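Only one structure is covered here, and it is reproduced in the block below.
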2 protein chains.
Amino acid sequence: MGRAPTFDAAAVVRAARDVFWAHGYEEASLPDLESATGLSRSSIYHAFGSKRGLFDAAVTSYLDDVTRPRLRPLTAEHVAPDALAAYLSSLRDALTAAGSPAAAHGCLLLNASGAPVAHDPAVRATVAAYRDELRAGIGRGVAARHPDLPAAEQDRLAEACTALVVAALLVVRVDPDAAARSLDAATGLAAA
Amino acid sequence: MGRAPTFDAAAVVRAARDVFWAHGYEEASLPDLESATGLSRSSIYHAFGSKRGLFDAAVTSYLDDVTRPRLRPLTAEHVAPDALAAYLSSLRDALTAAGSPAAAHGCLLLNASGAPVAHDPAVRATVAAYRDELRAGIGRGVAARHPDLPAAEQDRLAEACTALVVAALLVVRVDPDAAARSLDAATGLAAA
DNA sequence: CCGATTCTGTACCGGACGTTCCACAACCTA
DNA sequence: TAGGTTGTGGAACGTCCGGTACAGAATCGG
């Protein structure tokens, strides 16, 4: 067989994910990733093939450990009528909590959508798929809150809420207050 | 006196602005700017001091020639009741017109807000000021459309519309359809 | 026409980047 | 214990970056 790795792959990916989250793909340098993961370049390249390979693993970790858990009440089999309001509220808390990664850096994936790495169609597809997950969950939350509304009206509402959530995640880095107001606007729409 | 410049400064700034618009500050390399402007490094540095100086001139050109003209109906002395709807519609057209710079690259300034150059407080202030201009114009549009609404309600509406416009400008690069839906949501809110 | 001043092109600098190479250390199987 | 396989560290590579130095060309006032 040969020698076994001396590191915990999952922990390495989490550490790298936080670096990419904080700095973005391009500005996360290999020295940054080396010191954050405790691995040397060779080990990184041996385990992940390239900086991009490590980034892909970090994105998977981000989706599985960060975004999907918060979205779960909107993706479970039964969605409570107040699940959407609770989701918006918890996201608002995360975006206004001093020191939280989300407050400081927004969304790893949406940030990447504006960066050079988004030239890669695979990255764009990942971002689009993430937005679709968000939109689907919010759609189910709207349906649970307003079951008697016409489908077209539900769609309009869900679309507006999704756009406001995306807006909040995109602007939180540069204007946290605006992000909070954006989520408040979404909450107001969803409750009406 | 000495030798006179052989180039048209305004045209040079416009060319540089388009490069920054398309590629962002960091990814606009000096060779890119040289070929787009027709100037060599020496002339650029002589005229603008640094890459950053050229960027600042490009931002000014962007605000004066791109964003403010479209916003004008909302900043003029008298604002028509349908000025906001017209603004949203014209922005939607710009973001869906194949080949237009806005459709392909969104907003030069908002794109910069997520880039490393935004670490500079001056750049962040410029972005915030731009958002304030947008917010103020939309606020006047809301007031013209719904003069009898309570001020607090007008503010909520204007805030939501501004967030949806910002969201559209930020996501258009990666998902033009989502940008259009975001503006449609804003139009729906403003009309109601 | 002369000299000062200003613009412009070429070559170059130091530094950072992602990636690769190579020698060596560690572990498995036989 | 020997041989093959795999993980690890460190040095090196080629490339690109923004910025600068310098020499020459162009145009001014006198």
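Predicted, not measured: the structure shown is a model, and the values here were computed from it. Letters A, B, ... are given to chains in the order of the sequence lines, protein chains preceding strands, and every chain is numbered from 1. Excluded from the calculations below are hydrogen atoms, water molecules and symmetry mates; all remaining heavy atoms, backbone and side chain alike, are included.
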Take the protein atom CZ of Phe55(A) and the nucleotide atom P of dG18(C), then report the distance between them rounded to whole Å. 13 Å
Could you tell me the separation between the CD1 atom of Ile44(B) and the P atom of dC7(C), rounded to a whole number of Å? 15 Å
Below 3.5 Å between N/O atoms, which protein atoms pair up with nucleotides 23-26 of chain C? Just atom names and distances, please.
from    : atom 1 : to      : atom 2 : distance (Å)
dA25(C) : N3     : Arg3(A) : NH1    : 3.3

If you restrict it to nitrogen or oxygen atoms, what contacts under 3.5 Å exist between nucleotides 12-18 of chain D and the protein, and what is each distance?
from    : atom 1 : to       : atom 2 : distance (Å)
dC17(D) : OP1    : Ser29(B) : OG     : 3.4
dG18(D) : OP1    : Ala28(B) : O      : 3.4
dG18(D) : OP1    : Lys51(B) : NZ     : 2.6
dG18(D) : OP2    : Leu30(B) : N      : 2.8
dG18(D) : N7     : Arg41(B) : NH2    : 2.9

If you restrict it to nitrogen or oxygen atoms, what contacts under 3.5 Å exist between nucleotides 21-23 of chain D and the protein, and what is each distance?
none

State, with a plain yes or no, whether a side-chain heavy atom of Leu189(A) is found less than 4.5 Å away from one of Leu189(B). yes
List the atom pairs, donor and acceptor, that lie under 3.5 Å between side-chain atoms in residues 162-171 of chain A and the rest of the protein, sequence neighbours left out.
from      : atom 1 : to        : atom 2 : distance (Å)
Thr162(A) : OG1    : Ala158(A) : O      : 2.7

Can you give me the bend angle of the helix from dC1(C)-dG30(D) to dA30(C)-dT1(D)? Use the axis through the first five pairs and the one through the last five, nearest 10 degrees. 0°
Whole-Å gap separating P (dG19(D)) and CG (Leu54(B)): 11 Å
Under 30°, 30 to 60°, or over 60°: which ring-plane class applies to Tyr25(A) and Phe20(A), parallel, tilted or perpendicular? parallel
Answer yes or no: is there a donor N or O on one side and an acceptor on the other, between the side chain of Ser182(A) and the main chain of Ala178(A), under 3.5 Å? no
Under the salt bridge (charged side-chain N to carboxylate O under 4.0 Å, His left out) test, which residues partner Asp64(B), sequence neighbours left out? Arg68(B)
Are Lys51(B) and Val117(B) close enough that some pair of their side-chain heavy atoms sits under 4.5 Å apart? no
In whole angstrom, give the distance that lies between atom CD of Glu34(B) and atom P of dC7(C). 18 Å
Ignoring hydrogens, what is the shortest heavy-atom contact between Ala28(A) and Val19(A)? Give both atom names and the distance. CB-CG1, 3.8 Å
From NE2 of His46(B) across to P of dT10(C) the rounded distance in Å is 18 Å
Gly114(B) and Arg173(A): which non-hydrogen atoms are nearest, and at how many Å? CA-NH2, 3.4 Å
Flag the pair Val66(B) / Trp21(B) as yes when at least one side-chain heavy-atom distance between them is below 4.5 Å, and no otherwise. yes
Taking Arg92(A) for the side chain and Asp184(A) for the main chain, is one N or O donor matched with an acceptor at less than 3.5 Å? no
Indicate the atoms forming the closest heavy-atom contact of Gln154(B) with Ala143(B), along with that distance. OE1-CB, 3.7 Å
Would you name the heavy atoms of Leu74(B) and Gly137(B) that are closest together and state the gap between them? CB-O, 3.6 Å
For the student: nearest non-hydrogen atoms of Arg124(A) and His119(A), plus distance: CD-O, 4.5 Å
